[in-house]
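Each remark here refers to the structure printed beneath this line.
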Amino acid sequence: MKKHIIFDLDGTLLNTIADLACSTNYALAKLGINAHPLESYPTFVGNGIRKLFERALPVTVRTPEMVEKVRELFMPYYDAHNADLTTIYPGIAELLTELQGKGILLSVASNKYQSATEKLMKHYFPEISFVSVLGQREGIPVKPDAGIVLETLNAAGVSAEETLYVGDSGVDMQTAKNGGVESVGVTWGFRPLSELEANGAQHIINNPSELLTYL
């Protein structure tokens with residue numbers, strides 16, 4: 001019996017891609033760089049915002065200094081607009097409510113920066129109590145480093161064996177493996193099924209309600 005579930009955020013609980021794309025394209029345009037179509041962004045995200053900016057920048061100007069310029073433009077814009085187009089994936093709200101009703105401990109482990117992670121969780125899931133909501137913080141390695149899993153397990157007071165990790169990307173499956181927890185890959189997110197399989201997903205679900213099978 002599982003007592004605790006760690007969820008990724010972007011591509012797992014929330015479809016955030018449109019707001020991420022609009023905010024990045026805003027920053028690029030301010031720097032005189034061509035925007036990318038929305039469909040390019042699912043392959044840009046997943047490793048933190050600095051990696052997003054690196055991938056969005058043309059190779060010819062992909063320098064640490066330019067990444068920082070994009071970040072400085074992106075952050076205030078995204079902070080103001082990160083709930084404009086973002087939506088909850090169908091079935092997620094119902095799943096979280098049912099899990100909470102069953103007494104399952106719930107946590108979030110994201111590579112989105114901490115303040116935005118907290119804001120979005122409070123905005124979209126105000127009725128759900130999470131043991132911990134962790135995003136990317138300065139000086140702490142991003143996923144797939146196991147640190148965020150270990151920190152989450154400690155906050156929940158449970159073992160790795162009592163925990164499921166749910167995410168939509170290869171990074172998530174690697175994070176689960178590195179943290180010693182059982183992984184569940186979801187197919188409704190940003191990355192293809194083949195990526196989940198290639199990165200060792202122990203279970204695959206196509207609908208949020210299927211997660212209940214693995215408790």
Take Leu28 and Asn34, measure what side chain to side chain contact (heavy atoms under 4.5 Å, CB included) needs, and give me the verdict at the end.
CA-CA 7 Å; Leu28 294 176; Asn34 290 336; over 6 Å; no
Going through the checks in order, is the side chain to side chain donor-acceptor pair (under 3.5 Å) test met by Gln136 and Asn111?
CA-CA 5 Å; Gln136 191 274 319; Asn111 273 344; over 6 Å; no
Report the C-alpha distance between Glu210 and His203 in whole Å, list the side-chain angles of each, state the deciding distance to 0.1 Å, and finish with yes or no for side chain to side chain donor-acceptor pair (under 3.5 Å).
CA-CA 10 Å; Glu210 294 175 35; His203 310 289; over 6 Å; no
Evaluate the criterion side chain to side chain contact (heavy atoms under 4.5 Å, CB included) for residue pair Phe44 and His36; output intermediate values, then yes/no.
CA-CA 10 Å; Phe44 291 172; His36 295 280; 3.7 Å; yes
Apply side chain to side chain contact (heavy atoms under 4.5 Å, CB included) to Val149 and Val181, showing your working.
CA-CA 8 Å; Val149 172; Val181 298; 4.0 Å; yes
Verdict with reasoning, Leu153 to His4, per side chain to side chain contact (heavy atoms under 4.5 Å, CB included):
CA-CA 8 Å; Leu153 293 177; His4 178 221; 3.9 Å; yes
Using the side chain to side chain donor-acceptor pair (under 3.5 Å) rule, take Ser194 and Glu197 through it: C-alpha gap first, then chi angles, then the decisive distance, then the call.
CA-CA 5 Å; Ser194 57; Glu197 293 175 333; over 6 Å; no
Side chain to side chain donor-acceptor pair (under 3.5 Å) between Tyr165 and Asp172: does it pass, once the steps are laid out?
CA-CA 8 Å; Tyr165 183 105; Asp172 291 312; 2.8 Å; yes
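Taking 4.0 Å as the cut-off between side-chain N and carboxylate O, Lys2 and Glu161 do not count as a salt-bridged pair. Salt bridge absent: Lys69 and Glu72 never bring a charged side-chain N and a carboxylate O closer than 4.0 Å. Note on Arg191 versus Asp168: no salt bridge recorded, every NZ/NE/NH1/NH2 to OD/OE distance being 4.0 Å or above.
Contacts classified as ring-ring contact (aromatic ring centres under 6.0 Å, His included) and involving residues 45-66 (residues at least two apart or in different chains) are given here: Phe53-Phe74.
Nearest approach of Phe7 to Leu99, heavy atoms of both residues: CZ-CD1, 3.9 Å. The two atoms that bring Asp10 and Asp8 nearest to each other are O-OD2, 2.8 Å, heavy atoms only. In terms of heavy atoms, Ser23 sits closest to Tyr77 at OG-CD2, 3.4 Å. The nearest pair of heavy atoms linking Gln114 to Glu118 is NE2-OE2, 2.7 Å. Closest approach of Ala109 to Lys143, counting heavy atoms only: O-NZ, 2.8 Å. Closest of all the heavy-atom pairs between Pro144 and Gln174 is CG-OE1, 3.5 Å.
The side-chain heavy atoms of Lys177 and Ser183, taken from C-beta on, include no pair separated by under 4.5 Å. Under the 4.5 Å side-chain criterion, counting only non-hydrogen atoms from C-beta, Leu212 is in contact with Lys102.
Shown here is Lys3, whose NZ atom has no more than 12 heavy atoms of other residues, nucleotides or ligands within 6.0 Å.
Side chain of Asn178 to main chain of Asp145: no donor-acceptor pair is present (N/O by atom type, distance under 3.5 Å, no hydrogens or angles). At least one donor-acceptor pair under 3.5 Å links the side chain of Glu195 to the backbone N or O of Gly170. Remark: side-chain polar atoms of Tyr124 are not paired, donor with acceptor, to backbone N or O of Ala93 under 3.5 angstrom.
A continuous path of Ile, Leu, Val, Met, Phe, Trp and Tyr side chains, each step under 4.5 Å between heavy atoms, connects Phe130 with Leu9, placing both in one hydrophobic cluster.
Every side chain to side chain contact (heavy atoms under 4.5 Å, CB included) that Asn15 has, sequence neighbours left out, goes to Ile17, Thr87, Tyr89, Phe190.
Membership of an apolar cluster is not assigned to Leu85, as no side-chain contact below 4.5 Å to another ILVMFWY residue is traced.
At a cut-off of 3.5 Å, with distance as the only test, a side-chain donor of Tyr78 or Lys112 sits close to an acceptor on the other residue. No hydrogens or angles considered: nothing links the side chains of Gln100 and Thr97 as a donor-acceptor pair under 3.5 Å.
If you look at His81 and Tyr26, their ring centroids are not closer than 6.0 Å.
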